[in-house]
Number of protein chains: 4
Amino acid sequence: MSPRTSEQFKNIRLKKRQLIMDAALKVISEKGYHTASIALIAKESGVSKGLMYNYFKSKEDLLIAIMVDGFSKVFDQYVIDNRLSPEENVMMLIEQTFDVLDTMQETLMVYFSVLMNNEVFTLVKDKLNEIVEPIMEGFTQVMARLGYENPIAEAYFLRFILDGISMNYLLIPEQFPKEYCVNRIKQIYITQK
Amino acid sequence: MSPRTSEQFKNIRLKKRQLIMDAALKVISEKGYHTASIALIAKESGVSKGLMYNYFKSKEDLLIAIMVDGFSKVFDQYVIDNRLSPEENVMMLIEQTFDVLDTMQETLMVYFSVLMNNEVFTLVKDKLNEIVEPIMEGFTQVMARLGYENPIAEAYFLRFILDGISMNYLLIPEQFPKEYCVNRIKQIYITQK
Amino acid sequence: MSPRTSEQFKNIRLKKRQLIMDAALKVISEKGYHTASIALIAKESGVSKGLMYNYFKSKEDLLIAIMVDGFSKVFDQYVIDNRLSPEENVMMLIEQTFDVLDTMQETLMVYFSVLMNNEVFTLVKDKLNEIVEPIMEGFTQVMARLGYENPIAEAYFLRFILDGISMNYLLIPEQFPKEYCVNRIKQIYITQK
Amino acid sequence: MSPRTSEQFKNIRLKKRQLIMDAALKVISEKGYHTASIALIAKESGVSKGLMYNYFKSKEDLLIAIMVDGFSKVFDQYVIDNRLSPEENVMMLIEQTFDVLDTMQETLMVYFSVLMNNEVFTLVKDKLNEIVEPIMEGFTQVMARLGYENPIAEAYFLRFILDGISMNYLLIPEQFPKEYCVNRIKQIYITQK
DNA sequence: GATGAATGAGAGTTCATTCAT
DNA sequence: CATGAATGAACTCTCATTCAT
């Protein structure tokens, strides 16, 4: 029996790392960062507690990895296309927002729960800013093309609206007036222009 | 000296209870619920650990009390005055929102941090709904008077905007475009009407 | 039942603190610092693991407390009496050394085991130096009175001899030629003078 | 290429074994036995963790091997030459002692740190005695030739002095009065005779 | 022979909660 | 009413050792 090649080891590591991150995301989104114990995450991953520390040097490190990974995926879905009209871009943003909300609930639950917890947020703040910044620039460009005098502020304003909507969509999905909100934002940014 | 009446005892209890809740709110808003230990809260209150359990039967119980109490105070500040025009009421809502944000940051930080943690939120959900419901009704009436076809959905929509704004105002106060946002909401609900 | 006075609490604390330190000294002297687990020390003390941290903020802190306490006691037994002749003082030093070795074996075992372990020694180095320094000054004075040209170096030399003797007395007590060594040192410092 | 002979294999094994022991000695002398993890020693050796267990059946086994090996080397440097005068032999002993201290600090640091930890010392005690015994016999012969009535006890006494000196030379090299000590021992054993 | 992923026991530590006084 | 000593379960994390490849 020949020993495993370093290629094989690398593959094992990558797969198991992802396995652990997926399980951790699930558990943390359900119970919150502090209540999700390493023991529980290990159990959910089908992995020993000890092994977790072969892949992540601490619980904090695991959280950061999950957040950064999840957020890259989230914001990869936000795309500004300059060949389209700004109105079309706004419509895309709205659609993309709800797409993300539907497909990445767990990630977003963790995001929001971490967001307001200074203690934990500090750990990921910088990493998240790096990811969010280019999106905000895209927003700003669209607002400029829509003719807003203060496109930066308007980009923030749209972000705030989408934040409020996202949070409530996750918290009270059954009573959330999705269609109404979509139309309402369109009306604000498109029809009334 | 005559012995204290049971009325006096009750007052002392209420005051000490409030003292503990205030200290707990402070500590929890600074360090987060899990990191704020009972020992620390007791110290901050100037009360022994043992005595805390005379006033609150558990740490969770204390958290619930703080949340409910804080929320009553928060929403007491939201008033709809039917003698005023709906436009004036919207303007009041906006002002009231920022008033609350400025005066009750601690309460709101704790609220938001607890919000996305299912486990804890479940405990206060019903209580909070009781408190929020009448406010939402007020919002709905205003929207009806403003002529919206679906005033319930529009009330929700405004709430979502205010939620998004509140969250970000707390998180990024220094870069928050307050004036712009105030004017923008006025524009949506008043000028354009 | 009236609550305990703060005096009573203080007494309880002092007694239990000493109880833990005694048990810890015993266990550490038998098994070494690293092998002596908090669980074991707690068991030996008849106290819960958790309580240990009510008295010492860490295992390191406990070690330091034990060492400093033990060393104060050890070196309190070394006394230079200037009314006596320097020869008499040397004889006293020798007697005191064996007294200490006979009565404080545990403390000295811990001292020697910690001494050569940089990692652990660093923790107590400064505290121990404070305690040892005055003793060394006493040694130096005696050597000066005995007429040594370099009394500081000679004080060190005597200390080195006593260190070597102490270490071996603890390690190989059954084959240690105690009487011979006592006489030999006397011969070096007294008879031959 | 002809296949390697079993002799060659044996050599390769011995070399790698020594490689591991050297790395382990370095790491253990720096961090102490308990803090020096197998992972770290493996890394320092450039050998996998698994392979280490091919050469040493446990961490303890590795420690014992290091100690025994180091001690053979240490005491190989102590030579009694009966063709020389006993005074010359004493002078050689002193020189050899400082030679060993200067060239084998790491080994000696580990020796001293392990010495007072009963648990570990027990394991190497017998092996060390085997090595030390012939040296002690040499010391005894020299003392007999110097005319001491109890040469065994005097040999011990010299050993204790050298132990005390060695320990302190390792611990406080910068303030150690080396020249003074060398002359002082000469004075005791040679001049005063 | 050689690898490092994987384990499991146990380490130090924290903390909500209880209870004798 | 009031105290803080005391507990015990759970926490994060480490590490010598094993084993499939």
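A note on names: the letters A, B, ... follow the listed sequences, proteins ahead of strands, and every chain is numbered from 1.
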Rounded off to whole Å, could you give me the [atom1]-to-[atom2] distance for the [X] and [N] pair?
X: Lys16(A); N: dG4(E); atom1: NZ; atom2: C1'; value: 13 Å
X: Asp61(A); N: dC13(F); atom1: CG; atom2: P; value: 10 Å
X: Leu40(B); N: dA16(E); atom1: CG; atom2: C1'; value: 14 Å
X: Lys43(D); N: dA5(E); atom1: NZ; atom2: P; value: 13 Å
X: Glu7(C); N: dT3(F); atom1: CD; atom2: P; value: 17 Å
X: His34(A); N: dA16(E); atom1: NE2; atom2: P; value: 12 Å
X: Ile12(C); N: dT21(E); atom1: CD1; atom2: P; value: 9 Å
X: Leu14(A); N: dA5(E); atom1: CG; atom2: C1'; value: 14 Å

Nearest listed nucleotide, side chain of [X], among [options]:
X: Lys49(A); options: dA6(E), dG1(E), dG10(E); value: dG10(E)
X: Lys59(C); options: dT13(E), dA6(F), dT17(F); value: dT13(E)
X: Ser58(C); options: dA5(F), dA2(F), dT13(E); value: dT13(E)
X: Ser48(B); options: dG4(F), dT3(E), dA6(F); value: dG4(F)

Query raised in the report: Does Thr35(B) or Tyr55(A) map to a spot on DNA chain E nearer the 5' end, using the closest nucleotide for each?
Result: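 First, find each residue's nearest nucleotide; the 5'-ward one identifies Tyr55(A).
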Requested in this report: State whether the number of non-hydrogen atoms from other residues, nucleotides or ligands found under 6.0 Å of Glu60(A) atom CD is greater than 12.
Outcome: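 No.
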**Report entry** Candidate pair Ser72(C) and Ile131(C), rule side-chain contact (heavy atoms from CB on, under 4.5 Å), full reasoning
**Finding:** CA-CA 7 Å; Ser72(C) 301; Ile131(C) 298 170; 3.9 Å; yes
Query raised in the report: So, the side chain of Glu30(B) versus the backbone of Val27(B): is there a donor-acceptor pair under 3.5 Å, distance only?
Result: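 The answer is no, because no donor-acceptor pair under 3.5 Å joins these two groups.
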Query raised in the report: Can any side-chain N or O of Lys59(A) pair as donor or acceptor with the backbone N or O of Tyr33(A) at less than 3.5 Å?
Result: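 At least one qualifying donor-acceptor pair exists.
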Can a side chain N or O of [X] be found less than 4.0 Å away from OP1 or OP2 on [N]?
X: Tyr53(C); N: dT7(F); value: no
X: Arg13(A); N: dA5(E); value: yes
X: Asn54(A); N: dA6(E); value: no

Query raised in the report: Across all strands shown, which nucleotide pairs with dA20(F) by Watson-Crick or G-U wobble geometry, both distances under 3.5 Å?
Result: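 Per the H-bond distance test, dT3(E).
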Query raised in the report: In Watson-Crick or G-U wobble terms, both distances under 3.5 Å, what is the partner of dT14(F)?
Result: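 Paired with dT14(F), as far as the under-3.5 Å criterion goes, is dA9(E).
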Requested in this report: Check every strand shown and say whether Ser37(C) touches a base, only sugar-phosphate, or nothing at a heavy-atom separation below 4.0 Å.
Outcome: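 Touches sugar-phosphate only.
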Requested in this report: For Ile38(A), report the nucleic acid contact type (base, sugar-phosphate, nothing); a contact means any heavy atom under 4.0 Å.
Outcome: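 Sugar-phosphate, backbone atoms only, no base.
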Query - 5' priority, DNA chain F, between Gly46(B) and Ala36(A) [closest heavy atom] - result: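 Of the two residues, Gly46(B) wins.
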Query - Given DNA chain F, 5'-ward residue of the pair Glu60(D) and Arg4(C), judged by closest heavy atom - result: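 Between the two, 5'-proximity favours Arg4(C).
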Query raised in the report: Between Asn11(C) and Glu7(C), is a side-chain hydrogen bond (donor to acceptor under 3.5 Å, both in side chains) present by the stated rule, with each step listed?
Result: CA-CA 6 Å; Asn11(C) 274 333; Glu7(C) 188 70 18; 4.7 Å; no
Requested in this report: Report the relative orientation of the aromatic rings in His34(A) and His34(B); use parallel for angles under 30°, tilted for 30 to 60°, perpendicular for over 60°.
Outcome: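 Rings of His34(A) and His34(B): parallel, as their planes differ by under 30°.
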